[in-house]
There are 2 protein chains.
Amino acid sequence: MKGEIDKKLKQRNIKPTAMRELVYEVLDKNKKALSLYEIEQQFDNVERSTIFRTLKTFQDNFLIHSIDDGTGAVKYALCDEGCTCDPDDLHVHYLCNKCGQTHCLRDMPVPKMELPQDFSFESANFVVKGICSNCK
Amino acid sequence: MKGEIDKKLKQRNIKPTAMRELVYEVLDKNKKALSLYEIEQQFDNVERSTIFRTLKTFQDNFLIHSIDDGTGAVKYALCDEGCTCDPDDLHVHYLCNKCGQTHCLRDMPVPKMELPQDFSFESANFVVKGICSNCK
DNA sequence: GAAATACATGCAACAGTATTGCAAAGGTGT
DNA sequence: ACACCTTTGCAATACTGTTGCATGTATTTC
């Protein structure tokens, strides 16, 4: 288990520390995107800033991606293997207005839009909101 | 001019006050989406909270819509005439990573996604990021 | 037109999230 | 063991958004 996680971290050139293994584990076992606060809640005595910087490191190395779902807190979820967060790697996210959970719709790529002349497409944030099947 | 604005406000059941006319004017003459802070900057001695509540009133009555472009500050832009901010009224927004300006791509509707079973589509936020034609 | 009522505004304070500086702790290589 | 670099914890702070309350302004009612 720990070995598996370390491998994932090393694949992304992230030195595996206890903290990072734990944060990875939390992101992995929860099947939804989590905010900094939500991650903090799953630990007893871990500094917010440490988690914050851990997430930043993860994000810089494309191990996780961030989602701004409009709730005020940025959420984080694991990237798929080999993801480089290029336009081609992007997928749609879904925020349930009832339970507040944000899910990755990993098999739903963000559609390429035909932008106006001379506008480049570097990245995108596409969040669909509604009521999820659980809350229906 | 003032008459035109009052008409727009009244169409949306918003009582036209001096404040509201001014905020509307600012949103109208800038052709991009503005944050609360940016709107505040265009006045000399107007309370943030007043503008905040004005925007809230506008939004509740579908005169403006808000965009969360991931920069940390919500931005606001005028709705098209007759807009009710339904899924059908939504359009894509564009954030330039260089100049930081956010534009409405009004003629680019948010594509309807085929969501997983029992997930409803109530609204969406679709922001494309890149370099705009001005900054290229 | 004056009194009563409702609504809008300004001020101040506060809440939540994100972020940074700095020092201590931990690990790595020589 | 020592020097070096990275990570972590603590504290403080910035920024945006939000609310309570008092005051001012407009609108209605008589």
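Just the heavy atoms: all of them, side chains too, but no hydrogens, waters or symmetry mates, feed the values below. Convention: sequence-line order gives letters A, B, ...; per-chain numbering from 1.
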query: Which nucleotide in the list D:dG9, C:dA18, C:dA12 gets nearest to the side chain of A:Thr50?
result: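 Nearest to the side chain of A:Thr50 among the choices is D:dG9.
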message: From the set D:dG17, C:dG10, D:dT8, return the single nucleotide nearest to any side-chain atom of A:Thr54.
response: D:dT8
- prompt: Can A:Met108 be reached from A:Phe121 by stepping across I, L, V, M, F, W or Y side chains whose heavy atoms are under 4.5 Å apart?
  reply: yes
[X] has an atom [atom1]; how far is it from atom [atom2] of [N], in whole Å?
| X | N | atom1 | atom2 | result |
| --- | --- | --- | --- | --- |
| B:Leu55 | D:dT18 | CG | P | 11 Å |
| B:Met19 | C:dG10 | CE | P | 6 Å |
| A:Glu40 | C:dT19 | CD | C1' | 14 Å |
| B:Asn45 | C:dA12 | CG | P | 13 Å |
| A:Ile39 | C:dA18 | CD1 | C1' | 14 Å |
| A:Glu38 | C:dG16 | CD | P | 15 Å |
| A:Asp60 | D:dT7 | CG | P | 12 Å |
| B:Ile14 | C:dC7 | CD1 | P | 15 Å |

field: Secondary-structure notation, DNA chain D, from Watson-Crick and G-U pairs under 3.5 angstrom (| other strand)
entry: ||||||||||||||||||||||||||||||
- request: Any chance you could list the contact pattern along nucleotides 20-30 of chain C? Use B for base contacts, S for sugar-phosphate-only contacts and - for none, protein heavy atoms under 4.0 Å, 5' to 3'.
  value: BB---------
- request: Can you measure from CG (B:Leu22) to CD1 (B:Ile39) and round to the nearest 0.5 angstrom?
  value: 12.0 Å
message: Would you say B:Arg48 places a side-chain N or O within less than 4.0 Å of OP1 or OP2 belonging to D:dT16?
response: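 Result: no.
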query: Under 4.0 Å between a side-chain N/O of A:Thr17 and OP1 or OP2 of D:dT7, yes or no?
result: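 Checking A:Thr17 against D:dT7: no side-chain N or O falls below 4.0 Å of OP1 or OP2.
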- request: Take A:Gln11 and A:Glu81 through the test side-chain contact (heavy atoms from CB on, under 4.5 Å) and record every step on the way to the result.
  value: CA-CA 10 Å; A:Gln11 271 176 10; A:Glu81 193 129 353; 3.6 Å; yes
message: Below 30° counts as parallel, above 60° as perpendicular, anything between as tilted: where do the rings of B:His103 and A:Phe119 land?
response: perpendicular
query: How are the rings of B:Phe126 and A:Phe126 set relative to one another: parallel (under 30°), tilted (30 to 60°) or perpendicular (over 60°)?
result: parallel
- prompt: Would B:Asp86 and B:Asp89 count as a side-chain contact (heavy atoms from CB on, under 4.5 Å) if you check the C-alpha gap in whole Å, the side-chain angles of each, and the deciding distance to 0.1 Å?
  reply: CA-CA 5 Å; B:Asp86 283 332; B:Asp89 288 320; 3.9 Å; yes
A:Lys112 with A:Asp88: basic N within carboxylate O range, under 4.0 Å: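 The answer is yes: the pair qualifies as a salt bridge.
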field: B:Phe43 atom CZ, neighbour heavy-atom count above 12 within 6.0 Å
entry: yes
Sub-4.5 Å side-chain heavy-atom contact between A:Arg48 and A:Leu36: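 Yes, side chains in contact.
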